[in-house]
Amino acid sequence: MDYISKVHKIPMVVDATVASKDELIKSHLKLVTSIVNKRYRDHYLFDDLIQVGNMALIKAADAYDPTSGYAFATYAIPRIKMDVMNHIID
């Protein structure tokens with residue numbers, strides 16, 4: 001079974017205030033694959049971009065404040081896009 005099909009079987013965490021950081025990251029891995037698949041599929045090696053996106057997801061989970069009132073995905077998407085784009089530019 002490939003990475004994408006494994007990731008898409010993990011349920012999404014809705015309430016970030018209750019979830020641990022590991023659960024938050026694991027449940028949003030498909031967000032990274034979705035972003036990379038839609039926008040950056042033809043630029044670089046797919047695996048490299050997934051890895052960069054996953055690292056950005058981890059950084060976003062570290063910096064996220066659940067009391068801010070924003071959903072985690074709303075907070076993480078710009079960070080993931082920015083890190084992936086910076087990787088392509090470098």
Side-chain angles (χ1 to χ4, degrees):
M1 193 181 310
D2 67 334
Y3 177 79
I4 294 175
S5 58
K6 286 181 185 177
V7 165
H8 284 280
K9 290 184 179 183
I10 301 170
M12 183 76 84
V13 170
V14 177
D15 189 3
T17 58
V18 179
S20 71
K21 185 171 74 168
D22 291 340
E23 290 172 335
L24 197 61
I25 292 167
K26 189 185 287 187
S27 71
H28 285 82
L29 288 172
K30 64 181 113 181
L31 182 66
V32 173
T33 59
S34 173
I35 290 170
V36 172
N37 261 334
K38 284 182 186 173
R39 293 187 166 55
Y40 308 108
R41 181 81 171 159
D42 299 329
H43 291 281
Y44 262 82
L45 294 174
F46 181 73
D47 294 339
D48 289 346
L49 296 180
I50 292 292
Q51 184 175 4
V52 169
N54 287 342
M55 293 301 295
L57 181 68
I58 293 169
K59 287 191 275 184
D62 286 338
Y64 178 65
D65 178 19
T67 62
S68 66
Y70 295 106
F72 176 70
T74 304
Y75 180 78
I77 287 172
R79 289 175 168 253
I80 295 166
K81 287 180 181 178
M82 181 180 63
D83 282 8
V84 170
M85 194 62 168
N86 285 339
H87 180 75
I88 291 171
I89 291 170
D90 289 340

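Just so it is clear, the structure is predicted and the values come from calculations on it, not from any experiment.
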Peer 1: For the residue pair Y75 and Y64, does the interplanar ring angle fall in the parallel (under 30°), tilted (30 to 60°) or perpendicular (over 60°) class?
Peer 2: tilted
Peer 1: I need the minimum non-hydrogen distance between V32 and I50, along with the two atoms involved.
Peer 2: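 Taking every non-hydrogen atom into account, CG1-O, 3.9 Å.
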Peer 1: With a 4.5 Å limit on heavy-atom distance, are the side chains of I80 and L31 in contact?
Peer 2: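 In contact.
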Peer 1: Rounded to the nearest 0.5 Å, what's the gap from OG1 on T33 to CG on L49? Could you check?
Peer 2: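 T33 OG1 to L49 CG: 12.5 Å, rounded to 0.5 Å.
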Peer 1: Look up atom CG in L57 and atom CG in D62, then write down how far apart they are to the nearest 0.5 Å.
Peer 2: 10.0 Å
Peer 1: Give, for atom CD1 of I77 and atom NE2 of H28, the distance between the pair rounded to the nearest 0.5 Å.
Peer 2: 8.5 Å
Peer 1: Tell me, do V52 and I88 make a side-chain contact under 4.5 Å, heavy atoms counted?
Peer 2: no
Peer 1: So if you build clusters from Ile, Leu, Val, Met, Phe, Trp, Tyr with side-chain heavy-atom gaps below 4.5 Å, do M82 and M55 land together?
Peer 2: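 Different clusters: M82 never reaches M55 through Ile, Leu, Val, Met, Phe, Trp or Tyr contacts under 4.5 Å.
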Peer 1: How long is the straight-line distance from OG of S34 back to CG of L29, given to the nearest 0.5 Å?
Peer 2: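 Going from the CG atom of L29 to the OG atom of S34 covers 12.5 Å.
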Peer 1: Identify the heavy atoms of A63 and R79 that sit nearest to each other, and give their distance.
Peer 2: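 Heavy atoms only, the tightest pair is CB-NH2, 4.0 Å.
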Peer 1: Please examine the side chains of I25 and F72, heavy atoms only from C-beta on, and report whether any two atoms are closer than 4.5 Å.
Peer 2: no
Peer 1: Can you see which heavy atom on D83 is nearest to which on K59, and at what distance?
Peer 2: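 So the two residues come closest at OD2-NZ, 3.0 Å.
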